[in-house]
Amino acid sequence: MRAAFADPVLDAQGAFRALLHAMSHPGRVVALDAAPDAPAPLMPAAAAALLTLADAETPVWTDAAGEALDWLRFHTGAPFVADPRDAAFLLATGAPPALDALDAGTDEAPQEGATLIAQLPALAEGRGWRLTGPGVEHEHRLAAEGLPPGFAAQWAANAARFPRGVDVILCAGPRLAALPRTTRLAEG
Amino acid sequence: MYVAVKGGEAAIEAAHAWLAHERRGDPALPELTPEQIAGQLSLAVDRVMSEGSCHDRELAALAIRQARGDLIEAAFLLRAYRNTLPRFLAAEPLDTGAMRIRRRISATYKDLPGGQVLGPTFDYTHRLIDTAPRPAPAPPEREADGAAVPRVSAILAQEGLMAGEAPDPGGPVPDLTREPLPFPAPRALRLQALARGDEGFLLGLGYSTQRGYGNAHPFVGEIRVGDCAVAVTPPELGFEIEIGDVLVTECQMVNQFAGSATTPPQFTRGYGLAMGQAERKAMAMSLVDRALMARDLGEEVTAPAQDQEFVLLHSDNVEATGFVEHLKLPHHVDFQSELEKLRSIRARWEAERAAGDPARREAAE
Amino acid sequence: MTDALPMRPATRDAAYNFAYLDEATKRALRRTILKAVAIPGHQIPFGAREMPLPYGWGTGGIQVTAAILGPRDVLKVIDQGADDTTNAVSIRRFFNRVAGVATTTDTRAATIIQTRHRIPETPLREGQVLVYQVPMPEPLFRLEPRLAETRRIHALADYGLMQVKLYEDIAAQGEVGSSYNHPVMVGGRYLMSPSPIPGFDNPKMHRMPALQLFGAGREKKIYAVPPWTEVRSLDFEDHPFRPVRAPHACSLCGSTGSYLDEIVTDDRGGRMFVCSDTDYCERRR
């Protein structure tokens with residue numbers, strides 16, 4: 001079994017601050033300084049996000065299998081579920097499940113909406129989508145390659161049910177960017 | 001002079017030094033030992049363990065000494081300590097039916113299997129201050145007969161006159177100390193909150209149910225005080241092992257319930273359990289527990305003791321004392337804005353009066 | 001004053017985990033904080049722990065700070081705007097002991113600022129985090145103390161109750177009644193308590209470049225305002241919200257734009273006014 005964070009306390013703190021910064025600045029691409037050497041196909045940023053946030057109290061769904069799944073199970077201690085709707089966190093190494101197939105919380109408890117961690121081939125700023133909303137001063141541009149073609153429409157539907165909704169963390173290698181449910185996204 | 005109101009660091013150090021000095025008292029007298037506190041002020045220790053949610057007589061005694069006898073402060077010390085402890089296992093439910101009885105009384109039957117056992121009680125003592133206590137005589141002893149001491153609730157249940165408890169919903173027991181309290185709160189969480197709740201607050205609320213605030217007709221079905229075995233089932237063993245005994249006080253308060261279309265008229269019970277010998281706490285808890293069942297039983301919720309949010313959010317003395325006492329922290333920033341606000345409203349009021357135009361104020365009144 | 005406060009990281013007390021809380025507790029807090037940022041202004045219940053400081057003295061802010069704090073952070077703690085008020089000193093000493101982080105009184109140098117009742121005068125910048133200590137997170141609590149009911153009100157965004165209250169104040173006394181802890185609408189959706197900051201500070205929350213996190217320990221709630229988020233003080237068109245400060249200049253630095261403490265200098269009505277933000281004031285002298 002490969003190791004997880006070299007320093008479980010401080011690496012988790014560092015990864016959390018990267019996630020917090022990303023969630024506070026939608027579309028901003030943030031690099032992790034200490035990411036775990038997770039088995040393929042797990043990307044360092046996605047693995048770090050799950051290690052930082054998931055545990056026995058959070059049901060997790062993933063499409064990863066074999067060694068990668070064993071690694072996630074062992075290091076997070078989280079219960080893994082088969083139905084994406086039952087998950088608090090989802091880690092998609094391939095095509096992510098449709099956003100409307102995930103737990104969006106309730107109007108009284110919208111915080112129960114799931115967090116989807118999606119692995120992508122590349123993330124680039126300065127081109128692509130035009131992001132606006134809380135956390136964005138004027139407009140921020142993000143190009144997220146490899147998402148399914150209907151993602152922007154799914155995202156618009158997700159934003160429309162606010163405060164219910166799901167939040168997304170996009171990962172590429174050791175880098176990540178977040179799309180909280182408040183972010184409005186226009187195709188570039 | 002302006003500087004004199006500042007300078008927090010040095011002031012804190014000085015205050016702590018003075019506190020330590022006052023706590024110790026006259027250095028010519030020997031310092032109290034935790035063993036003396038645990039042995040001779042045992043009911044204070046019991047209360048601190050209950051409200052501190054941590055069963056450790058020695059630590060509770062140390063906390064009482066450190067807190068200069070302030071039992072809420074001592075409970076707070078114990079809770080903060082408890083929070084740093086790793087959690088290994090959850091104990092199996094205590095079997096109070098198998099308790100080694102020190103005291104057991106029922107007000108509902110003159111005599112009953114297992115008998116009435118007075119035990120070490122203040123009941124029937126004459127409250128005359130004993131200025132010259134004599135050495136305590138050794139209490140008379142008798143072999144335990146080993147006979148079963150069935151719970152009074154079980155005796156009533158045999159006749160079908162006692163409401164059964166709701167079936168165990170299964171799954172892990174919710175933990176008040178790990179998760180925020182949801183409303184409406186399930187009974188397991190209500191009982192947890194009451195168990196660590198302030199004895200005085202619960203006493204007052206329980207008392208209020210006897211005086212018509214909530215429809216209570218309580219009878220002490222049974223109070224029992226004694227030692228119970230604590231058992232755990234380590235997953236690697238897969239079977240139950242006993243890890244020790246705890247002294248607890250249990251009260252089952254019998255109440256009538258009028259019944260409904262689907263439920264026959266029957267008795268219901270309020271439940272109280274506290275660490276150590278803590279009868280007042282267990283009795284008050286059982287009264288309030290029963291009052292809080294109003295909603296589940298379809299009774300009208302009219303009294304404070306029946307109001308879940310009111311009771312459960314105000315029973316914790318560590319929370320309550322923190323928020324009440326925080327009022328002594330500096331609030332001069334908010335007070336300043338209140339001052340400016342009042343001056344502004346007052347100036348407007350004076351101007352309107354001087355102008356002899358009270359119309360707008362009257363319209364508002 | 002700066003010299004009197006430790007600037008260098010102290011040696012951490014190894015008897016406790018970094019920043020005192022255990023990792024499972026931090027994870028639960030971190031999950032809550034991320035969701036709070038994703039749903040600006042929405043109060044999220046969390047399993048608040050008993051801290052070694054009393055409820056009501058900043059345990060919510062302390063838990064939020066403990067969940068985000070890292071060894072590279074520089075921490076500033078203020079109470080009533082000042083770095084050297086006793087509770088600010090006490091909290092700073094706590095983090096010095098359990099996390100060994102560097103502390104500062106300089107608003108510009110801090111990465112995390114924990115505050116009770118004020119927003120610093122020096123504008124905050126992107127990347128900084130402002131952690132508020134919150135006594136009563138529910139903005140409606142004086143009108144509706146029942147949490148089950150206020151949860152429903154927030155779900156429906158049915159804030160007519162608060163509008164009526166403000167209107168009644170205006171009818172009775174010519175202006176809104178709350179001079180501090182004046183409720184705000186966040187992102188046009190959630191009514192939120194800004195904590196008991198003076199109304200003077202409310203406008204600073206609007207489109208603040210820094211992240212604002214709010215922790216209520218006793219009430220077991222966390223909420224947040226992301227950077228650049230719209231925060232409007234509740235008011236009416238014909239009675240716009242009006243931040244108030246004492247109409248004086250600071251006796252120490254001469255500032256006429258900062259929030260002032262009123263100091264009673266004698267028993268004959270003597271007063272002086274000085275900045276409540278000690279760091280801002282010292283820098284201007």
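Residue numbers begin at 1 in each chain, while the letters A, B, ... track the order of the sequences.
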J.: May I ask you to check whether over 12 heavy atoms, not counting those of C:R142, lie within 6.0 Å of atom CZ?
T.: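 It does not: C:R142 CZ has 12 such atoms or fewer within range.
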J.: Could you tell me which non-hydrogen atom of C:A155 sits nearest to which non-hydrogen atom of A:E108, and how far apart they are?
T.: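 Shortest heavy-atom separation between C:A155 and A:E108 comes out as CB-CG, 3.6 Å.
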J.: What residues of residues 73-97 of chain A make heavy-atom contacts with chain C at a cutoff under 4.5 angstrom?
T.: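 Against chain C, the residues of residues 73-97 of chain A that fall inside the cut-off (heavy atoms, under 4.5 Å) are A:F89.
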J.: Got a second to check how far C:R189's CZ is from A:T182's OG1, nearest 0.5 Å?
T.: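 Reported value, rounded in 0.5 Å steps: 13.0 Å.
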J.: Pick one of side chain, backbone, both or neither for A:T106, based on which atoms fall under 4.5 Å of a heavy atom in chain C.
T.: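 For A:T106, no heavy atom lies under 4.5 Å from chain C.
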J.: Mind listing the closest non-hydrogen atom pair of C:P40 and A:F162 along with its distance?
T.: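 Shortest heavy-atom contact: CD-CZ, 4.3 Å.
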J.: For chain C, find which of A:E137, A:M23, A:R164 contributes the most heavy-atom pairs closer than 4.5 angstrom.
T.: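 Heavy-atom pair counts peak at A:E137.
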J.: How long is the span from the NE2 atom in A:H25 to the CH2 atom in C:W228, to the nearest 0.5 Å?
T.: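 Reported to 0.5 Å precision, the distance equals 9.0 Å.
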J.: Hey, is the main chain of C:T32 close enough, under 3.5 Å, to the side chain of A:Q111 for a donor-acceptor pair?
T.: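 Side chain of A:Q111 to backbone of C:T32: no pair is present.
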J.: May I ask you to name which of C:R151, C:E23, C:R30, C:H154 has the most heavy-atom pairs under 4.5 Å with chain A?
T.: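 It is C:R30.
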J.: Stepwise, does the salt bridge (charged side-chain N to carboxylate O under 4.0 Å, His left out) test hold for C:R31 with A:D55?
T.: CA-CA 11 Å; C:R31 289 193 291 263; A:D55 60 23; 3.2 Å; yes
J.: Count the heavy-atom pairs under 4.5 Å between each of A:L53, A:T183, A:L10, A:D107 and chain C, then report the option with the highest count.
T.: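 Highest number of heavy-atom pairs under 4.5 Å: A:L53.
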J.: For the interface with chain A, which of C:R207, C:R152, C:E126 has the highest count of heavy-atom pairs at distances below 4.5 Å?
T.: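 Top option by heavy-atom pairs under 4.5 Å: C:E126.
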J.: Evaluate C:I68 against A:L20 for side-chain contact (heavy atoms from CB on, under 4.5 Å), listing each step before the verdict.
T.: CA-CA 9 Å; C:I68 66 175; A:L20 181 61; 4.1 Å; yes
J.: If we define contacts as heavy-atom pairs under 4.5 Å, which of A:P26, A:A22, A:A109, A:P163 has the most with chain C?
T.: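 Most pairs with chain C among the choices: A:P163.
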J.: Minimum heavy-atom separation for C:Y190 to A:P110, with atom names?
T.: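 That closest heavy-atom pairing would be OH-CG, 3.7 Å.
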J.: What part of A:A114 lies closer than 4.5 angstrom to a heavy atom of chain C: side chain, backbone, both or neither?
T.: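 For A:A114, backbone heavy atoms alone lie under 4.5 Å from chain C.
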J.: Heavy-atom count around C:R146 CZ within 6.0 Å, excluding the residue itself: above 12?
T.: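 Atom CZ in C:R146 is not crowded, with 12 or fewer foreign heavy atoms closer than 6.0 Å.
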J.: Check whether C:L211 gets within reach of chain A through its side chain, its backbone, both or neither, counting any heavy atom under 4.5 Å.
T.: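 For C:L211, side-chain heavy atoms alone lie under 4.5 Å from chain A.
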J.: Go through the atoms of A:I169 and report whether side chain, backbone, both or neither lie under 4.5 Å from a heavy atom of chain C.
T.: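 The answer is neither part of A:I169.
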J.: Chain A: which of C:P227, C:P45, C:A19 shares the most heavy-atom pairs with it under 4.5 Å?
T.: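 Most heavy-atom pairs under 4.5 Å with chain A: C:P227.
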J.: Give the minimum heavy-atom separation between C:K26 and A:V9, together with the two atoms involved.
T.: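 Heavy atoms only, the tightest pair is NZ-CG1, 3.9 Å.
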J.: Work out which heavy atom in A:G135 is nearest to a heavy atom in C:T229; give both atom names and the distance.
T.: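 For A:G135 versus C:T229, the nearest heavy atoms are N-OG1, 3.9 Å.
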J.: Among C:V129, C:L69, C:N17, single out the residue with the greatest number of heavy-atom pairs under 4.5 Å to chain A.
T.: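 When all of C:V129, C:L69, C:N17 are compared, C:L69 has the most.
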J.: Please flag which part of C:A36 lies under 4.5 Å from any non-hydrogen atom of chain A: side chain, backbone, both or neither.
T.: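 Contact with chain A involves no heavy atom of C:A36 at all.
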J.: Would the distance check show the side chain of C:K35 and the main-chain N or O of A:G113 forming a donor-acceptor pair, the cut-off being under 3.5 Å?
T.: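 The answer is yes, because a donor-acceptor pair under 3.5 Å joins these two groups.
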J.: Do you know which of A:P8, A:P180, A:S24, A:G14 has the most heavy-atom pairs with chain C at a distance under 4.5 angstrom?
T.: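 Among the listed options, the one with the most contacts to chain C is A:S24.
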J.: If you draw a 6.0 Å radius around CZ in C:R125, do more than 12 non-hydrogen atoms from other residues or ligands fall strictly inside?
T.: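 Counting neighbours around CZ of C:R125, more than 12 heavy atoms of other residues, nucleotides or ligands fall under 6.0 Å, so yes.
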J.: Compare all side-chain heavy atoms of A:R17 with those of C:D73 and state whether any distance is below 4.5 angstrom.
T.: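 The answer is yes, as the side chains (C-beta and beyond) meet within the 4.5 Å cut-off.
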